[in-house]
Asks: 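Dumping the structure here so I can ask a few things about it.
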Amino acid sequence: MLYLDNSATTKIHPEVLEAMMPYLQEEYGNPSSKFYSLAENAKKAVAKAREQVASLLGCDPDEVVFTSGATESNNMIIKGIADYYGREDGANKRLMTTKVEHPSVIETFNFLGERGYEVSFLDVDQYARVTVEQIKEAAAQTQPLLTSIMWGNNEIGSLNPIAELSALFEENGLFFHTDATQVIGKVPVDLKNLKGVRFLSMSGHKIGGPKGIGAAIIRKQSKEIYTRLTPLMHGGGQENNYRSGTLAVHNIVGLGKAAELAAANLEQNVQRLTELEQYLTDIFKTNLSGKIKFNSDEKDKIPGLISLQFIGVNNELLLKKLADYVALSSGSACSSSKPSHVLSAAGRSLEEVRQTIRISLEREVSEKDLFIFKKIQ
Ligand code: PMP
């Protein structure tokens, strides 16, 4: 079966699995223990992985906090900042995001909205993007404590202008978070040049790493001063007090290796995904002209992610029909039971939402594999 749902999750990379195995077997020490070699080896492995993630993203290793994934990173950053800075009477309790974020951002905002925070969900354009002018105006008006805007959308694949937004937030000094889960390994991410991005979320299983591991990047205020936030997990004080709990060393090692590979293969990956996307798009344009409509813009998008409507065809029926041959989705795996809030916010009708499927490629796919789409009439 052909797997083309790589935005939902990816197969673990063989080198990642190989790197992890010793930490599931003989190297089982707790990195918080001391003196004996099992503990020291685990500690060294975690430090190496932290360097690998930091090097991929262009930040300092002590700005990397290991979490269970991007859902936790998003929760940790948004709730943590809201609570730490917003708990005093009279403090700024305004938080800003968009209507097309992942549910782990939207629902966290809703949770905070029910607890007295003033949350706003900004409109997006037909490709689910915001503009810098729009954010500049909204930020100037409300001076939000924190603004959270995703880098790349998981359903449509559109990219937001993160470099320009970073410059804006660097200038106005307000906290800015971006959920970069879908862009790692597909778009260059270099936080050295993005000083206004104070927080970033990422996940291991979208980049050939294991599930249940991710990172929250919490940038320091200066070389010595850490940014404080209220942790989600209280306990032994691991991860610089940001996230207590015994570290999942095997998963952390896997994330580190996946990060190293994502950095090393970025260019080739982008080139191959772009080629494959072009090839598949041409098949659709040639064979199904007038019967399909693309949801994404041709530029400023995640390479290899195609969202398209089959006019007059119910997406669930189509996916079921294809399920023995090819694994695809109607949009996001996390909210597959509800009509897409992303497409609705981007102006698509319910009918159009119900005709949409998402194809997310990976570089190992061949052109021949994609012949299957020539059979769709
Ligand atoms: N944010 C985005 C944009 C995502 O696509 C996903 C995964 N669907 C997440 C957050 C959640 O990631 P995780 O599965 O690691 O919790």
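Order of listing sets the numbers, starting from 1, for every ligand and every atom in it.
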Asks: Report yes if some heavy atom in the side chain of Asn287 is under 4.5 Å from a heavy atom in the side chain of Phe373; otherwise report no.
Replies: no
Asks: Quick one: do the Thr356 and Asn295 side chains pair a donor with an acceptor below 3.5 Å?
Replies: yes
Asks: With heavy atoms of Gly69 as the reference, note each atom of ligand 1 found under 4.0 Å away.
Replies: 15 (O)
Asks: As a test of understanding, state which of Lys220, Arg219, Arg198 forms a side chain to side chain donor-acceptor pair (under 3.5 Å) with Thr227.
Replies: Arg198
Asks: Any idea which of Gly214, Gly209, Pro103, Ala70 brings a heavy atom closest to atom 13 (P) of ligand 1?
Replies: Ala70
Asks: Taking only Lys NZ, Arg NE, NH1 and NH2, and the carboxylate oxygens of Asp or Glu, determine whether Glu362 and Lys11 approach each other closer than 4.0 Å.
Replies: no
Asks: Quick check: Lys206 and ligand 1, any N/O pair under 3.5 Å apart?
Replies: yes
Asks: With atoms numbered from 1 as shown, which atoms in ligand 1 lie under 4.0 angstrom from a non-hydrogen atom of Ser203?
Replies: 13 (P), 15 (O)
Asks: What I want to know is whether Ser104 and ligand 1 share at least one N or O pair that is separated by under 3.5 angstrom.
Replies: no
Asks: Out of curiosity, Lys257 NZ to Leu255 CG, how far, rounded to the nearest 0.5 Å?
Replies: 12.5 Å
Asks: Is the number of heavy atoms from other residues, nucleotides or ligands under 6.0 Å of Phe294 CZ greater than 12?
Replies: yes
Asks: Classify the contact between Asn154 and ligand 1 as side chain, backbone, both or neither, using a heavy-atom distance cut-off of under 4.0 Å.
Replies: side chain
Asks: Looking only at distances, please establish whether an N/O atom of ligand 1 is found under 3.5 Å from an N/O atom of Thr71.
Replies: yes
Asks: Does even one non-hydrogen atom of His205 get within less than 4.0 Å of ligand 1?
Replies: yes
